[in-house]
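Lettering follows sequence order; numbering is per chain, from 1. For the numbers below, each heavy atom of this structure counts, side chains included, while hydrogens, waters and symmetry mates do not.
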Amino acid sequence: MMNSKVRFAPSPTGPLHIGGARSALFNYLFAAHQNGQFVLRIEDTDLERSRPEFEDEIIESLRWLGIDWTEGMLQGGVNGPYRQTERLEIYQQYLKQLLNQGDAYYCFCTQEELEAERQDQLDSGSMQRYSGKCSTLNDQEVQERLAAGIKPTVRFRVPEHKIQVVNDLVRGRVSFESDNSGDFIIAKSDGIPVYNFAVVIDDVLMGITHVIRAEEHLSNTPRQLMLYDALNFIYPKFAHISLILGSDRQKMSKRHGATSLVQYREMGYLPEALFNFLALLGWSPEGEQEILTAEEIIASFTLERVAKSPAVFDMDKLNWVNQQYLKKKTTSELAKMLKPFLSSSEYASDIENMDDLRYGLLVESVRDHLVCLSDVTKYMDVFFREAVYEEEALQALAGDGVLTVLENFRDDLPYFSEPEEIKQFIKATVKKLKLKPKDVYMPLRSALSGQTHGPELPYLISIWGREESIRRINRTIVNIVK
RNA sequence: GGCCCCAUCGUCUAGCGGUUAGGACGCCGCCCUCUCAAGGCGGAAGCGGGGGUUCGAUUCCCCCUGGGGCUACCA
């Protein structure tokens, strides 16, 4: 198993999804674990839906997640090109071979005819598969149709009564009966090969030893195996990993909320957190530790520990994992990462006007609340908005000694105070007035912010500074306490 | 409909014939605490059902049920 080579072969028909990212990740982990090779190939044979922008986006997403490959897109390599639409001549050769061998034939059925055929089979409850109508056309009939300008598809002639066995590395032995599959199309009428065909050619020519992909491809594998047989190719090893489901146990799709990697990046999830979380979806390390570095995951990743059952994507757990990684960041690292999120918020100018010291304090005061970076904007109101008194705050301000507390604070508040100094000052005030801490803190908090909850009070005061804090106190005294 | 895969707390999972069925998220409670978080401690919560095999099944086999996938000139 020393020279293993895997691949990830996305179709650029949309952004990189959670599911695709997980497949890419498992391939990456498998390769990295044994120092194998990893090819990134683009399967863009669906001309209708493939778009170059998506190709770029997928590649960028992989990079962002921390997934590297050793060959293929951007890296180059001796087995290129790595974009399927640039490999058309290659597929053509094998198509010709299959045609010559009699393992494939031209099919002139129109889409309407096929649709009608399918509908009939559906109505009569019989097996849904191609009837084989064109499989018996003789040379002359074929030539006539070609001469008439009909563009044929190419179908693979499925052998009869053959058992195809997939020795899957995660699922074990899975067998299929060839008779359950009709002659399937391997090249469309425009000459472009279809997935099941192109994937076989590419995997063989690129020397792929292990095909690790999502379970949805398990049922396609026997068709691919028949192609391997017809072309006299040696099978790679297969490993089909289970699907990722939404909370309703359906395959993840756009209606499950954020499903693309870019969305998570935009929300402010850390790539290392997603890397860790995705690795845990369908795989588990031996110990009980769940927060693991990429290196640790690579070191212990094996297909033997990959789960067979599908996994529901749990946003709560992702949030927790992300929080764990956020906590590891220093305040200055966080401050830097948070900037773009604040700069595009309504508080952009407020943040811009803050000096580094105060901005650092602000970050420190809200960091424990963050689940993802974009959350930061939810906690900015209290710093920059004029106090709007909540019911509980008004109650806290209605107490007996409130005015004394406020005036004492206002008159004795020291200059240039850092949170710790302010904390000491409040402590001293508590002592001096012979009150319970709460009877000092709550009136102050309420008077300053209009709320009974929020960031630690010493931080709030320090961030506002002496002048602003006194202004707020006075405003409350005049308007509320009187 | 046919073929295939899957099945342990709500969720992610450990388990690979004998365990008080372990961990994590979430939830609940307590502690800490000016508040909200964070943190610490504790708790509730699971082997889908029925047959076998076995001295003994969560674990092995079969059936059922449930969920998912494939069945495209998509991948």
Gap between atoms CG and P, on A:D44 and B:rA75 respectively (whole Å):
10 Å
Any strand counts, and the cut-off is 3.5 Å on both contacts for Watson-Crick or G-U wobble. Which nucleotide pairs with B:rA57?
none
Considering only the P atoms, how many Å lie between B:rG50 and B:rU65, rounded to the nearest integer?
15 Å
More than 12 heavy atoms of other groups within 6.0 Å of A:E418 CD:
no
At under 4.0 Å between heavy atoms, what does A:R213 touch on the DNA or RNA strands: base, sugar-phosphate, or nothing?
nothing
A:E55 CD to B:rA75 P, in whole Å, measures 15 Å
Roughly how many Å apart are B:rC9 and B:rG48, using the P atom of each and rounding to a whole number?
6 Å
If the C1' atom of B:rA21 is compared with that of B:rU8, how far apart are they to the nearest Å?
8 Å
Decide whether A:R213 and A:T221 meet the rule of one side-chain donor and one side-chain acceptor closer than 3.5 Å.
yes
Just wondering, do A:W283 and A:L278 contact through their side chains at under 4.5 Å, heavy atoms?
no
Among B:rC73, B:rA37, B:rC6, the one nearest A:D368 by side-chain distance:
B:rA37
Pairing check on B:rG17: which nucleotide meets the Watson-Crick or G-U wobble criteria with it, both distances under 3.5 Å?
none
Has the side chain of A:S242 got a donor or acceptor atom sitting under 3.5 Å from an opposite partner on the base of B:rC6?
no
So A:Y235 and A:Y228, would you call those rings parallel, tilted or perpendicular, with 30° and 60° as cut-offs?
perpendicular
A:E57 meets the salt bridge (charged side-chain N to carboxylate O under 4.0 Å, His left out) criterion, sequence neighbours left out, with none
B:rG51 and B:rU13: how far apart are their P atoms, nearest whole angstrom?
30 Å
Identify the nucleotide, in any strand shown, that forms a Watson-Crick or G-U wobble pair with B:rC27, with both distances under 3.5 Å; if there is none, say none.
B:rG43
Measuring only the P atom in each nucleotide, how far is B:rC61 from B:rG18? A whole number of Å is fine.
16 Å
Residue pair A:Y130, A:F184: steps toward the side chain to side chain contact (heavy atoms under 4.5 Å, CB included) verdict
CA-CA 7 Å; A:Y130 177 60; A:F184 54 93; over 6 Å; no
Do the ring planes of A:F409 and A:F425 sit parallel (below 30°), tilted (30 to 60°) or perpendicular (above 60°)?
tilted
Counting only side-chain nitrogens and oxygens, does A:K188 get under 4.0 Å of the OP1 or OP2 atom of B:rA75?
yes
A correct 5'-to-3' footprint of nucleotides 25-34 of chain B, with B, S and - meaning base, sugar-phosphate only and no protein heavy atom under 4.0 Å, is B--------B
Using a 6.0 Å distance limit plus a 45 degree cone around the ring axis, check whether A:K438 lies over the aromatic ring of A:Y441.
no
Enumerate the salt bridge (charged side-chain N to carboxylate O under 4.0 Å, His left out) contacts for residues 365-382 of chain A, please, sequence neighbours excluded, ordered by first and then second residue.
A:D375-A:K378, A:D381-A:R385
Which residue lies more 5' along RNA chain B, comparing A:E286 with A:K308 via nearest heavy atoms:
A:K308
Which whole-number value in Å describes the distance from A:R118 CZ to B:rC70 P?
15 Å
What is the separation between atom CZ on A:F238 and atom P on B:rG69, rounded to the nearest whole Å?
21 Å
Which one, B:rC6, B:rC73, B:rC12, comes nearest to the side chain of A:V312?
B:rC12
Within this structure, what is the CG-to-P distance between A:L225 and B:rC70, rounded to whole angstrom?
19 Å
Output one line per pair: protein atom, nucleotide atom from nucleotides 57-67 of chain B, and distance, for all N/O pairs under 3.5 Å.
none

What's A:T13 touching, base or sugar-phosphate or nothing? Going by heavy atoms closer than 4.0 Å.
nothing
Taking atom CD of A:E48 as the centre, does the number of heavy atoms from other residues, nucleotides or ligands within less than 6.0 Å exceed 12?
no
Can you check the distance between B:rC47 and B:rU58, where both ends of the measurement are the C1' atom (answer in whole Å)?
5 Å
Acceptor/donor pairs from residues 308-322 of chain A side chains to any protein atom, 3.5 angstrom cut, sequence neighbours excluded:
{"residue": "A:D314", "atom": "OD1", "partner": "A:D316", "partner atom": "N", "Å": "3.1"}
{"residue": "A:K317", "atom": "NZ", "partner": "A:E290", "partner atom": "OE1", "Å": "2.8"}
{"residue": "A:N319", "atom": "OD1", "partner": "A:Y269", "partner atom": "OH", "Å": "2.5"}
{"residue": "A:N319", "atom": "ND2", "partner": "A:M315", "partner atom": "O", "Å": "3.4"}
{"residue": "A:N322", "atom": "OD1", "partner": "A:L270", "partner atom": "N", "Å": "2.9"}
{"residue": "A:N322", "atom": "ND2", "partner": "A:V371", "partner atom": "O", "Å": "2.7"}

Side-chain donor-acceptor contact under 3.5 Å, A:S131 with A:E117:
yes
Heavy-atom closest pair (A:P193 atom, A:L88 atom, distance to 0.1 Å) is CD-CD1, 3.9 Å
If you measure from the P atom in B:rC70 to the same atom in B:rC27, how many Å do you get, rounded?
34 Å
For A:G282, answer base if it contacts any base atom (sugar-phosphate contacts may also be present), sugar-phosphate if it contacts only those atoms, and nothing otherwise; contact means non-hydrogen atoms under 4.0 Å.
sugar-phosphate
Counting only side-chain heavy atoms from C-beta out, which of B:rG22, B:rA75, B:rC74 sits nearest to A:R49?
B:rC74
Please confirm whether A:R155 makes a cation-pi placement over A:Y106, using NZ or CZ under 6.0 Å from the six-membered ring centre and within 45° of the ring normal.
no
Whole angstrom is fine here: how far is it from CD1 in A:I18 over to C1' in B:rU11?
16 Å
Could you check whether A:H240 gets within reach of a base, just the sugar-phosphate, or nothing at all, counting any heavy atom under 4.0 Å?
nothing
Taking N or O atoms only and anything under 3.5 Å, show me the protein contacts with nucleotides 1-3 of chain B, one pair per line.
{"residue": "B:rG1", "atom": "O2'", "partner": "A:G125", "partner atom": "O", "Å": "3.4"}

Using purine N1 to pyrimidine N3 plus N6-O4 or O6-N4 for Watson-Crick, or N1-O2 and O6-N3 for G-U wobble, both under 3.5 Å, which nucleotide pairs with B:rG66?
B:rC6
Which one, B:rG68, B:rA75, B:rC6, comes nearest to the side chain of A:S11?
B:rA75
Give one of base, sugar-phosphate or nothing for A:K327, where a contact means two heavy atoms less than 4.0 Å apart.
sugar-phosphate
Would you indicate what A:T153 reaches in the nucleic acid, counting non-hydrogen atoms under 4.0 angstrom: base, sugar-phosphate, or nothing?
base
Is any side-chain heavy atom of A:V154 closer than 4.5 Å to a side-chain heavy atom of A:I185?
no
Counting heavy atoms from C-beta on, name the nucleotide in B:rA72, B:rU13, B:rC6 closest to the side chain of A:I185.
B:rA72
note: A:L95, atom CG; B:rC73, atom P; distance rounded to Å ~ 15 Å
Give the rounded distance in Å between these two atoms: CD1 of A:I244 and C1' of B:rG69.
15 Å
Gap in Å between the two C1' atoms, one belonging to B:rG10 and one to B:rC3, rounded
32 Å
For a quick check of understanding: with a heavy-atom distance under 4.0 Å over all strands, which category does A:S189 fall into, base, sugar-phosphate or nothing?
base
Taking 4.0 Å as the cut-off, does a side-chain nitrogen or oxygen of A:R305 come that near to OP1 or OP2 on B:rG15?
yes
